[in-house]
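Okay, so here's the structure we're looking at.
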Amino acid sequence: MPELPEVETIRRTLLEHVKDLKIEEITLIWPSAVCGWQDKSFEGLATGRRIKTIERRGKYLLIMLDEDLTLIAHMRMTGRLNYFAESQEPEKHTHVVFRLEHGELHFSDVRKFGRIQAIPTPLCISESSLRKLGPEPLEKEFTPEVLKERFGKKKVFLKAALLDQTVLAGMGNIYVDESLFLAGLSPNRRVDTLSKEENLRLHRAIQNVLQAGIDARGTSFRDYRDANGEKGSFELALQVYGRGGEPCRGCGQTLERIRLAGRTTVYCSRCQN
DNA sequence: ACTAACCTGTAA
DNA sequence: TTACAGGTTAGT
C-alpha cells in the first residue's frame with residue numbers, strides 16, 4: 001500500500017498523538033511481525049521507552065525512542081498503524097498492540113508482509129535496509145542533475161528505474177505511473193535515452209506528483225488509511241493508475257495496460273513518448 | 001532481468 | 001476457480 005505520500009501522512013497523523021508518550025506494554029499477537037536486535041527481543045528492547053519523534057526515509061517509518069532505540073516500520077502492501085485514544089479490542093489482522101501512557105497503537109496487516117524492527121539508533125542506517133536507499137525526492141538536494149546521476153549508466157526501462165529504491169527512495173507503482181504521465185514519458189523508454197529537457201520534465205513531475213499526493217493525504221485506492229483510520233483523496237486525482245482501458249483525460253485515447261518490471265503499468269501511448 | 005515467494009481478500 | 005493487489009527479496 002503505502003508509498004512516500006502515504007507513509008508521510010501516517011508519520012504526521014501518528015506523531016500528533018504519540019509524541020513523548022511512553023510504551024508501557026507490548027503484546028505480540030503474531031510475533032513474526034517484529035524483529036529484535038541480536039539476542040534481545042523486540043518487546044524487551046522497546047517496552048518502557050518513550051517516543052521522541054517519528055521520521056520517514058523512503059517508505060520506511062522511523063519511530064525514534066529514548067535511550068538510542070529506533071523502531072523501523074515498513075507497511076509493504078497492506079500494513080497499518082492506528083492510534084486509539086481508548087483501549088481497543090484487536091481486530092482480525094492486528095499483529096502487535098503497543099499500550100501507551102495514553103491510548104494504544106495497533107499494527108495490523110492483512111497480508112502479513114509488513115515488519116517492525118528494533119535497532120540501536122546509531123546503527124539505524126548502517127545496519128538496515130535503509131543503507132541502500134537512493135535520495136529523498138522532495139529534499140532540495142534532489143535536483144535534475146542528481147536524477148540523471150542516479151540513472152547513471154543503466155539501460156533499464158524508466159518504469160523499472162523509478163521503482164528501484166536504490167535509485168530514488170519512496171516511489172511505488174501508483175506514483176511512478178502518475179509521474180510518467182505528467183512528464184509525458186513512456187514507461188518503455190530506456191533511462192539512457194532521455195534528453196536534458198525530458199530529464200527536467202521528469203524531475204519536476206516526480207516532485208509535483210509526490211507533493212500533490214501528500215497534500216491529498218495519500219491514495220486510498222484500496223486499503224490505505226492514516227493513523228486515525230482516515231482515507232486520503234488522491235485516488236480522485238489519478239490520471240492513469242487503475243484506469244487501464246478507460247479514456248486518457250488528456251486526449252481521449254484508450255489507456256494501455258501492460259506488464260512492465262513485473263508490475264501492471266498504465267499509460268497513454270499518444271501523450272507519453 | 002525476470003519469476004517465485006511471502007500472505008489474505010476481493011473481484012472477475 | 002483464477003487473477004490480481006500501493007512491496008521487497010532471494011532465487012534462477
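Quick note on labels: first sequence line is chain A, next is B, and so on, each numbered from 1.
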Open item on the list: With syn defined as a glycosidic angle within 90° of 0 and anti as the rest, where does C:dG7 land?
Closed with: anti
Which whole-number value in Å describes the distance from [X] [atom1] to [N] [atom2]?
X	N	atom1	atom2	value
A:Asp164	B:dA1	CG	P	10 Å
A:Met75	C:dT8	CE	C1'	15 Å
A:Arg190	B:dA1	CZ	P	7 Å
A:Glu235	C:dA5	CD	P	17 Å
A:Ile258	B:dC2	CD1	P	12 Å
A:Leu260	B:dC2	CG	P	8 Å
A:Leu163	C:dT8	CG	C1'	11 Å
A:Arg225	C:dG6	CZ	C1'	13 Å

Please enumerate all residues that pass side chain to side chain contact (heavy atoms under 4.5 Å, CB included) together with [X], with sequence neighbours excluded.
X	answer
A:Lys148	A:Asn199
A:Lys52	A:Asp20, A:Asp66
A:Val110	A:Thr78, A:His93
A:Arg257	A:Thr264, A:Val266

- [ ] Check every strand shown and say whether A:Gly262 touches a base, only sugar-phosphate, or nothing at a heavy-atom separation below 4.0 Å.
- [x] nothing
TODO: Mind checking A:Tyr241 for me? I need base, sugar-phosphate or nothing, with any heavy atom below 4.0 Å counting as a touch.
DONE: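 Sugar-phosphate contact only - A:Tyr241 comes under 4.0 Å of backbone atoms but never of a base.
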TODO: Could you pull out the closest heavy-atom pair between A:Gln253 and A:Ser269, with the gap in Å?
DONE: NE2-OG, 2.7 Å
- [ ] Could you tell me which residues satisfy side chain to side chain donor-acceptor pair (under 3.5 Å) with A:Gln211, sequence neighbours excluded, listed by chain and number?
- [x] A:Asp215
Open item on the list: Applying side chain to side chain donor-acceptor pair (under 3.5 Å), can you list everything that pairs with A:Thr143, at least two apart in sequence or on another chain?
Closed with: A:Glu145
Open item on the list: Check this for me, if you would: do A:Arg225 and A:Glu230 make a salt bridge, where the nitrogen-to-carboxylate-oxygen distance has to be below 4.0 angstrom?
Closed with: no
Task: Salt-bridge criterion met for A:Asp109 and A:Arg76 (N-O under 4.0 Å) - done: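 So A:Asp109 does not pair with A:Arg76 through a salt bridge.
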- [ ] Output, in order, the C-alpha distance, side-chain angles, deciding distance and verdict of side chain to side chain contact (heavy atoms under 4.5 Å, CB included) for A:Leu14 and A:Tyr83.
- [x] CA-CA 7 Å; A:Leu14 194 53; A:Tyr83 175 80; 4.2 Å; yes
With rounding to the closest Å, how many angstrom separate the [atom1] atoms on [N] and [M]?
N	M	atom1	value
B:dG9	C:dT8	P	22 Å
B:dC7	C:dA10	P	15 Å
B:dA1	C:dA5	C1'	22 Å

TODO: Please check if the distance between the ring centroids of A:Phe98 and A:His106 is under 6.0 Å.
DONE: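 When the ring centroids of A:Phe98 and A:His106 are compared, they turn out to be at least 6.0 Å apart.
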Task: Range-with-range stems for DNA chain C, at least three Watson-Crick or G-U pairs under 3.5 Å - done: B:1-6 with C:7-12, B:8-12 with C:1-5
Task: B/S/- contact track for nucleotides 5-12 of chain B, protein heavy atom under 4.0 Å - done: -BBBS---
N/O (side chain, [X]) to phosphate O (OP1/OP2, [N]) under 4.0 Å:
X	N	answer
A:His74	C:dT8	yes
A:Lys59	C:dG7	yes
A:Gln165	C:dT8	yes

- [ ] Kindly indicate whether the side chain of A:Pro5, heavy atoms from C-beta on, has any atom under 4.5 Å from the side chain of A:Phe234.
- [x] no
- [ ] Indicate the ring-plane relationship of A:Phe221 and A:Tyr241, choosing parallel, tilted or perpendicular according to the 30° and 60° boundaries.
- [x] perpendicular
- [ ] May I ask you to list the residues of residues 204-218 of chain A, by number, that have any heavy atom positioned under 4.0 Å from an atom of DNA chain C?
- [x] none
TODO: Apply salt bridge (Lys or Arg N to Asp or Glu O under 4.0 Å) to A:Arg12 and list each qualifying residue two or more places apart in sequence or on a separate chain.
DONE: A:Glu8
Do any side-chain atoms of residues 155-171 of chain A form donor-acceptor pairs under 3.5 angstrom with protein atoms, and if so which ones, sequence neighbours left out?
unit_1: A:Lys159; atom_1: NZ; unit_2: A:Asn173; atom_2: OD1; d: 2.5
unit_1: A:Lys159; atom_1: NZ; unit_2: A:Asp177; atom_2: OD1; d: 2.6
unit_1: A:Lys159; atom_1: NZ; unit_2: A:Thr265; atom_2: OG1; d: 3.2
unit_1: A:Asp164; atom_1: OD1; unit_2: A:Thr166; atom_2: N; d: 2.9
unit_1: A:Asp164; atom_1: OD1; unit_2: A:Thr166; atom_2: OG1; d: 2.7
unit_1: A:Asp164; atom_1: OD2; unit_2: A:Thr166; atom_2: OG1; d: 3.4
unit_1: A:Gln165; atom_1: OE1; unit_2: A:Gly170; atom_2: N; d: 2.9
unit_1: A:Gln165; atom_1: NE2; unit_2: A:Leu163; atom_2: O; d: 3.1
unit_1: A:Gln165; atom_1: NE2; unit_2: A:Met171; atom_2: O; d: 2.8

Give each protein N/O atom lying under 3.5 Å from an N/O atom of nucleotides 1-3 of chain C, with the pair distance.
none

